[in-house]
Amino acid sequence: MSNAQLTVPFDEAMTRYEPIIGLEVHVELGTNSKMFCSCATAFGAPPNTQVCPVCLGLPGSMPVLNKVAVESTIRIGLALNCEIATWCRFARKNYFYPDMPKDYQVSQYDEPLCTNGWLDVTVATDDGPQVVRVEIERVHMEEDTGKLTHAGGATGRIHGADYSLVDYNRAGIPLIEIVTKTVIGTGPLAPAVARAYVAELRDVMRALGVSDVRMEEGSLRCDVNLSLNEPGAGWGTRSETKNVNSLRSVERAVHSEIERQAGVLDGGGRVIQETRHFHEDTGRSTSGRSKEQAEDYRYFPEPDLVPIAPTRSWVEELRAELPEVPSVKRARLQSTWGINEFELATLVNAGAVELVESSIAAGVDPAAARKWWTGELLRVANERGVELADLPVTATQIARVESLIADGSLNDKLARQVFEGVLAGEGDVDVVIAQRGLAVVSDDGALLAAIDEALAAQPDVVEKIKSGKIQAAGAIVGAVMKTTKGQADAAKVRALLLDRLGVSE
Amino acid sequence: MTVAAADLIRQPASVLAAAISAGEVSSVEVTKAHLARIAEVDERVHAFLQVTAEAALESAQVVDAKRKTGAKLGSLAGVPIAVKDVLTMRGVPTTCGSKILEGWCPPYDSTVVSRLRAADMVILGKTNMDEFAMGSSTEHSAYGPTHNPWDLARIPGGSGGGSAAALAAFETPLSIGTDTGGSIRQPAAVTGTVGVKPTYGGVSRYGLVALASSLDQAGPCARSVLDAALLHSVIAGHDPRDSTSINAPVPDVVAAANRGDVRGLRIGLVKELSGEGYQAGVLQRFNEAVELLQGLGAEVVEVSCPHFDYALGAYYLILPSEASSNLARFDGMRYGLRVGDDGSNSVEQVMSLSREAGFGAEVKRRIMLGTYALSSGYYDAYYGQAQKVRTLITRDFNAAFEKADVLISPTAPTTAFKIGEKVDDPLAMYLNDIATIPVNLAGNCAMSLPVGLSPADGLPVGLQIMAPPMADDRLYLVGAALESALTDSWGHLLIEEVPDL
Amino acid sequence: MTAITRDEVAHLAKLARLDLSGAELDHYAGQLAVILQSVARIGEVAADDIPPTSHPVPVENVFRDDIAMPGLDRAEVLAAAPATEDHRFRVPRILDEEEA
Ligand SMILES: [Zn+2]
């Protein structure tokens with residue numbers, strides 16, 4: 001990062017250059033078994049316990065394609081408005097790397113299963129939400145590699161490592177690569193478009209149920225291609241930034257790469273074609289190996305796998321079973337929930353649509369569900385720098401809190417404390433309430449004692465109430481709330497004290 | 001009853017199986033006889049890389065015990081067999097004739113081995129081969145050459161020289177070979193034995209360490225056509241672990257071998273697979289066999305397959321290309337030889353040093369040839385064009401099978417040559433496969449069977465029968481008829497003439 | 001088209017991870033040229049409109065049900081490895097000296 005001083009501030013860069021972006025997103029499918037063998041795919045299993053001759057690339061082993069992986073890919077293609085190939089093959093991509101057991105990767109090269117699609121994404125602008133159509137070039141299948149851990153050296157990174165350790169549990173997990181065509185004309189919206197696209201893809205994957213798309217577990221990974229077009233000077237050379245593994249990082253990676261390339265160009269330099277690595281901590285990328293040019297992958301059709309020829313009837317069957325795509329669904333929810341564009345955009349940007357929906361399904365009132373997810377919970381998520389969906393709180397828990405509010409056991413202030421406890425891992429809703437002693441005081445005996453005390457302290461008010469000035473009861477209620485430290489239900493206190501005085505409203 | 005060990009080792013597998021199942025001889029006795037023979041002669045023949053005597057005797061005992069319970073036994077139960085060292089067998093070293101895999105014990109059985117076990121056959125051990133099946137002489141084995149029992153100074157063919165020589169030396173009544181360009185058939189031809197390359201997809205490749213995935217096929221090796229058929233029916237059939245395995249019933253090869261009839265059959269002589277380059281003695285025995293077939297009632301027609309002239313070129317581009325990729329995994333990271341891991345070398349250097357030390361000259365040659373053929377800029381001219389030629393060769397076969405039910409040719413252009421004669425002349429070595437390669441390219445099936453000794457050198461000559469895909473039974477129909485007529489004229493199988501070791 | 005230089009052989013050897021000696025480079029340069037010259041004959045065949053054959057038998061759509069099954073025993077798998085640590089395969093450092 002010695003050339004960090006060469007960057008040009010984003011807004012300034014935008015006055016001279018037009019960014020051209022391309023996004024390659026890898027999604028790990030959530031199949032039970034791997035792409036070409038029956039090994040399990042559970043995340044976090046002890047190293048090398050989900051391996052077999054096939055995914056270890058042992059001599060003599062042969063791949064057999066997972067049918068659900070193919071179906072998932074076709075469904076993704078259909079959801080992204082792609083054409084589905086009538087005949088396609090796998091190819092071998094040949095290169096040596098210790099995380100790749102066969103020293104070739106089985107992938108689809110020039111015969112992807114799905115091509116020519118699009119995905120509409122919505123970004124917020126000063127003039128309100130704007131829809132941008134991102135065109136999809138291809139959706140293809142490939143196998144994931146094993147996981148390397150670098151040992152020795154100070155950083156745990158590949159640089160400076162003395163040696164590395166390989167766990168092949170991940171090797172052979174089905175990966176889908178979704179490649180966009182170049183996205184042009186977005187101008188200063190480029191970072192937001194990139195983020196919105198990845199977020200939208202994530203929502204599509206979730207809606208399809210083909211992947212759990214947990215970016216922090218690496219089940220959705222993004223590479224950002226970017227070049228700058230200098231009006232009159234033509235398209236620039238593009239860089240490829242890898243390791244962009246959160247929505248926020250996608251936005252930041254585009255942003256910082258625009259600033260970097262503008263700096264290089266302004267300084268009279270040339271952008272070189274290279275792979276760059278994004279660092280979550282700094283929000284910047286560093287140059288990776290630029291010797292990609294020397295690599296020659298020697299693709300050829302994989303002879304151990306036979307061609308895939310999806311029949312029209314199979315594809316139509318899958319199309320008929322497609323769930324509602326998120327954009328259509330959002331339009332429906334907008335009208336069902338009776339919210340405006342802006343409120344919808346807030347939910348979308350917060351990644352809260354599905355969360356609100358599932359909360360409602362769990363019995364929460366729509367307005368309350370929106371209030372929690374875009375209010376208190378979003379605040380905590382932002383504070384922690386995580387996605388809303390990754391907060392350790394469930395729709396069922398929200399429903400429970402809401403029902404306690406409804407029956408008077410909790411009030412808003414207490415509910416916030418309950419969530420604080422749940423998010424801090426103190427336990428489920430009722431456990432937190434019990435441990436923190438958060439319940440609204442509903443014990444009539446305790447309340448009556450507090451009421452009697454207040455009545456005795458304010459005989460003049462008692463007289464007023466008895467003489468028919470029932471609104472004077474507020475003073476007694478306030479006193480009771482004070483003694484119970486807000487943990488009482490005001491309505492109940494009022495009813496009890498009137499009853500005590502034999503007054504009816 | 002007791003049978004002299006010397007007799008047991010010379011019996012056909014079909015006879016041994018019948019005797020074992022009838023209780024006339026035990027599998028243990030048969031197994032012991034063969035183990036004794038191996039101990040006696042293999043030092044000179046070197047057909048085996050690994051003899052699994054203990055495990056063999058154990059499985060023989062199991063079969064004998066099973067027989068005593070009255071359980072139904074398979075058609076080859078208790079019969080010993082040798083397996084080419086390119087098929088994985090759990091816990092038994094599988095080296096593929098290479099230093100890079102020295103001592104590697106696979107944690108799983110190949111499907112072929114599983115089926116042999118399921119059929120209660122007794123596996124004697126693993127046989128020698130050219131390193132990773134690259135070669136036609138078994139001289140490219142990292143563990144030293146195998147010698148041809150007909151003349152120990154000569155090659156037994158390759159790559160499956162061990163499996164063929166073990167039969168000719170009476171070390172085993174049956175063996176498994178694999179055939180990528182002739183590695184079952186050419187060794188059969190030069191050792192006076194029978195070898196069949198089944199239809200591609202007919203026998204599972206799961207556990208067969210791949211040389212060229214689109215060409216490789218395991219198959220039976222035997223001393224007679226019927227024995228080959230019995231073994232064929234044990235190992236063939238659909239396997240869900242091999243995506244290229246054909247999901248269809250196996251042709252009834254045993255019935256065909258028992259029937260042996262060529263009356264009314266049209267037999268095509270492939271014009272391009274004779275003449276120039278073929279030894280006179282080979283052609284003479286081949287022509288006599290053609291006449292014999294005519295005498296047996298076959299109609300002999302001449303067919304032309306013009307693109308066969310390009311088969312060798314296409315083959316030596318497709319094979320090295322696929323091999324260069326298949327052999328990439330031998331990088332010293334997960335199993336096998338690792339060289340130079342002293343802390344100073346990077347992973348790339350250790351991989352390169354390991355592969356340099358672990359692979360022999362022929363393997364390196366073909367890896368580089370394949371790497372070249374697949375390189376960007378050369379792909380279309382080499383690999384791409386070779387695949388188109390492959391299509392044309394298949395079309396030639398299709399046209400020829402319109403005119404003939406089976407095609408025939410000499411299996412190999414020459415009889416067994418001397419060890420060392422062609423070892424560093426790759427082109428001369430590659431020519432050995434000229435007649436066997438087209439079948440691998442097209443994926444159909446073929447058999448080699450002995451048709452006599454060349455008058456020039458007294459060494460065996462093989463005849464190749466080729467049939468359309470999934471018509472493997474025709475090979476046996478014709479092979480059995482020809483074998484029977486030849487045996488009648490000689491008074492015995494040709495293999496009986498092999499000199500005493 | 002079929003001439004192949006020593007440098008090209010060295011490049012192929014690098015791609016194929018073979019640490020060939022100088023003598024081997026010379027030897028293979030000669031042999032590969034001869035072999036390529038011989039196989040290059042296939043270029044004579046007019047095949048522009050001929051579809052390539054990648055698979056010798058026309059089988060399509062072979063799939064496996066998505067059912068997870070237990071794999072290999074880890075101890076057995078790691079026993080075959082040249083080096084292991086922490087239940088993982090141990091491999092030399094990945095970057096060259098000048099990259100590291
Ligand atoms: Zn596996």
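Side-chain atoms are counted along with the backbone in the values below, which use heavy atoms only and exclude waters and symmetry mates. Please read these numbers as outputs of a predicted model, since none were measured by experiment. Just so we're on the same page: letters track the sequence lines, and every chain starts at 1.
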Name the option with the most non-hydrogen atom pairs under 4.5 Å to chain C; the candidates are B:Asp331, B:Leu312, B:Asn345, B:Thr394.
B:Asn345

Closest-packed option against chain B by number of heavy-atom pairs under 4.5 Å, given C:Pro52, C:Ala13, C:Ala16, C:Ala79:
C:Pro52

If one checks every heavy atom of C:Leu72 against chain B at 4.5 Å, the contacting part turns out to be side chain

Would you kindly check if the NZ (Lys) or CZ (Arg) of B:Arg90 is within the cone defined by 45 degrees around the ring axis of B:Tyr108 and under 6.0 Å from the six-membered ring centre?
no

Crowded around B:Asp342 CG? As in, over 12 foreign heavy atoms under 6.0 Å?
yes

Taken to the nearest 0.5 Å, the spacing of C:Gln31 CD from B:Arg365 CZ works out to 4.0 Å

Which atom of C:Pro82 lies closest to which atom of B:Gly332, heavy atoms considered:
CG-O, 3.4 Å

Residue B:Ser375 versus chain C: region with a heavy atom under 4.5 Å:
side chain

Within a reach of under 6.0 Å around CG of C:Asp86, are more than 12 heavy atoms found that belong to other residues, nucleotides or ligands?
yes

Can you say whether C:Arg64 sits under 4.5 Å from chain B via the side chain, the backbone, both, or neither, judging by heavy atoms?
neither

Measure distances from B:Ala328 to the heavy atoms of chain C and classify the residue's part below 4.5 Å as side chain, backbone, both or neither.
neither

Given heavy-atom pairs under 4.5 angstrom as the criterion, report whether the side chain, backbone, both or neither of B:Asp424 touches chain C.
both

Check the surroundings of atom NE2 in C:His27: do more than 12 heavy atoms from other residues, nucleotides or ligands lie under 6.0 Å from it?
yes

Looking at B:Arg395, B:Met470, B:Arg334, B:Met351, which has the largest count of heavy-atom pairs under 4.5 Å with chain C?
B:Arg334

Give me the ring orientation class for B:Trp104 and B:Tyr335: parallel if the planes are under 30° apart, tilted from 30 to 60°, perpendicular past 60°.
tilted

Need one label for B:Tyr430: side chain, backbone, both or neither, based on atoms under 4.5 Å from any heavy atom in chain C.
side chain

Answer with side chain, backbone, both or neither: which region of C:Val59 has an atom nearer than 4.5 Å to a non-hydrogen atom of chain B?
side chain

Is B:Tyr383 close to chain C through its backbone or its side chain, or both, or neither, when contacts mean heavy atoms under 4.5 Å?
neither

Looking only at the side chains, is there a donor atom on one of B:Glu131 and B:Ser98 sitting less than 3.5 Å from an acceptor on the other?
yes

With a 6.0 Å cut-off on the ring centroids, do B:Phe397 and B:Phe308 count as close?
yes

With a 4.5 angstrom heavy-atom cut-off, is it the side chain or the backbone of B:Leu369 that approaches chain C, or both, or neither?
both

Chain C contact via B:Ser324 - side chain, backbone, both or neither, heavy atoms under 4.5 Å
neither

Any donor-acceptor N or O pair under 3.5 Å, side chains C:Asp19, B:Ser352:
no

With a 4.5 Å cut-off on heavy-atom pairs, point out which of B:Arg390, B:Gln387, B:His307 contacts chain C the most.
B:Gln387

Applying a strict 4.5 Å limit to non-hydrogen atoms, the region of B:Asp341 in contact with chain C is side chain

Region of B:Leu215 that comes under 4.5 Å of a non-hydrogen atom in chain C:
neither

Please state whether the side chain, the backbone, both or neither of B:Ala361 comes within less than 4.5 Å of a heavy atom of chain C.
both

Residue selection (most heavy-atom pairs with chain B, distance under 4.5 Å) from C:Ala81, C:Ser21, C:Ala83:
C:Ala81

With a 4.5 angstrom heavy-atom cut-off, could you sort out which part of B:Pro426 is near chain C: side chain, backbone, both or neither?
side chain

In terms of the angle between their ring planes, are B:Phe330 and B:Phe132 parallel, tilted or perpendicular, with boundaries placed at 30° and 60°?
tilted

Starting from the C-alpha separation in whole Å, work towards a yes-or-no answer on side-chain hydrogen bond (donor to acceptor under 3.5 Å, both in side chains) for B:Thr88 and B:Thr94.
CA-CA 6 Å; B:Thr88 61; B:Thr94 297; 6.0 Å; no

